[in-house]
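Protein chains get the first letters and strands the later ones, always in sequence-line order, with residue 1 at the start of each.
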Amino acid sequence: MSTTVEVKEAIEAKMIPIYIMGKKYDVPETLTIMKAMEYAGYKYIRGCGCRGGVCGACSTVYRKPGDYKIYSGLACQTVVEPEMYLTQLPFYPAMRATYNFYDITGEPEQVFGLYPELFRCVACNACTKICPMDVEVMDYIAALKRGDIKAAAEISFDCIQCGLCASRCMGELPQYHIAQLARRINGAYLTPRAEHLKTMVANIAAGRYAECLNKLKSMNEETLKKTYTAREMEPATAGEDWTPEESKCL
Amino acid sequence: MKISYYPGCTLKTRAKNLESSALASLKALGVEFEELPRWNCCGAVYSLADDDLIHLIAPVRDLIRVKERGHDTVLTLCSMCYNTLARANELMKSDEEKRYTINTFMDEEPDYAGEVRVLHFLDFIRDEFGFDKLKEKITNPLNGLKVAPYYGCTLLRPKEVAIDSPDRPKLFHQFLEALGASVIDFGSSTTCCGAYQVLNEPEATLTVSHRILMDAVNHGAEAMALTCPLCDYNLGRRQEAMKEKFDFGDFPIYYFTQLLAMALGLPVEESHFELNLDSSTELLKNKNIIKESA
């Protein structure tokens, strides 16, 4: 049965040793850290969220043999490497200031007041070096110290709030919470308002769609289903200039 | 010479009047420079502890940013930033052991050995631009304005980074003379304003600041020019508290760049006098330096 053997060889990944919290496990080299931990027998109850690289619940730190550097990655996204020493750090305690957002007007002094530890930053850059999302953490903290909330919001945009920055900070800053406040202020006060939205809301309030909606509301279930099935749809190949025949309810 | 301009945090918040007037003036003088696109707080105060290398990381990182831009000079306006950056630069030039430790710590950045020159706006004007050339550019001389130059500490001390003689400096005098002002020499022009002591000894600091201002007044000054946002706080904004304690106040204080911008005939808006004491604008109007019709 030589053919079976060939197939088996083709699908079986090479096993490599990794160290989870100091204990050695042999795992297939193709797995992510998260899958490898499950392969090794760990069962995730917490420390695992979206499995898609956006929730920040599975941040992991590791080292490689012969290398003093600390590496980081999301367990669900990072593929194992031979001889890596790892531990997951799904949560790191960090002080989050309490505020009523309606009292926040966007003055830099308010951010300084809520997070005075901002000024303990010595620009060591450990936060940026550990960030699994490659956010320039130190740079947004530097921007906040000079009151540039907009820059901080923009630089921190990719933050998934995993907390690794806070775990490495010698100034004990909760960087990711401060960045969230910056993004909130940016969204509420510093980005231009969508003027067309105001007009649209006013139009709707003035009865722009009243007739269309009332017509739908008065239909029985069967008619509603028929109307839905028979509705005009944009063809998959339609160009930019396509418009529906019936445009009254647009 | 390729110049990076390093603003510093305070110039982006409380001392916009210092930055705005300086940048407008540099443009009017035709100086080519680029504001550093990436920088962090310099630390504001140079650490005096011998082994406190961590507080050198911030200023050295800023100097590396200048080097990364391919620039050989960094220009500062705030005298605290000047002092911190210049002293960090001196250390990186002269102390091989500490340079090694700092470069090894910052292994994500290129190595640095003091290749960048740190200049303050004032020594840039004296050594690179030239007072003669500056005089040619003056269209609105500060005729009749009796102004006392206040150097403070950090431009002159320690002597390794002093932009002029720490004992008998004349650079600021020459600068104001070039603008057409009547310069008032006074003994306290290099006396410390109290600096950060205002936080834990506000009363003692107020006494020191008041003494400096009185010295200037007694020598016939109508106003004071300075370079540092912290001096501006102690000598300018704290006059509110002096009113109560010493019956002293409304003494005009200017950043040196605001007077430069006025002398160059730039629009008054560039100087943001609304961030100064009200008396500052009044005096310039009285001297017809701010034209009422404009």
Would you find more than 12 non-hydrogen atoms of other residues, nucleotides or ligands less than 6.0 Å from [X] atom [atom1]?
X        : atom1 : result
A:Arg46  : CZ    : no
B:Asp278 : CG    : no
B:Arg14  : CZ    : no
B:Tyr233 : OH    : no
A:Tyr99  : OH    : yes
B:Asp50  : CG    : no

Would you call A:Lys69 and B:Glu108 a salt bridge, taking side-chain N to carboxylate O under 4.0 Å as the test?
-> no
Given that the side chain runs from C-beta out, which part of B:Asp62 has a heavy atom under 4.5 Å from chain A: side chain, backbone, both or neither?
-> neither
Please examine the side chains of [Y] and [X], heavy atoms only from C-beta on, and report whether any two atoms are closer than 4.5 Å.
X        : Y        : value
B:Phe105 : A:Cys124 : yes
A:Asp148 : B:Lys12  : no
B:Arg38  : A:Asp139 : yes

At their closest point, which heavy atom of B:Cys41 faces which heavy atom of A:Lys145, and how far apart are they?
->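 For B:Cys41 and A:Lys145, the tightest heavy-atom pair comes out as CB-NZ, 3.5 Å.
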Shortest non-hydrogen separation from B:Ile57 to A:Ala123 and the atoms involved =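 Answer, listing the atom of B:Ile57 first, then A:Ala123: CG2-O, 3.2 Å.
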Rounded to the nearest 0.5 Å, what separation is found between the OH atom of A:Tyr68 and the CG atom of B:Asp107?
-> 3.5 Å
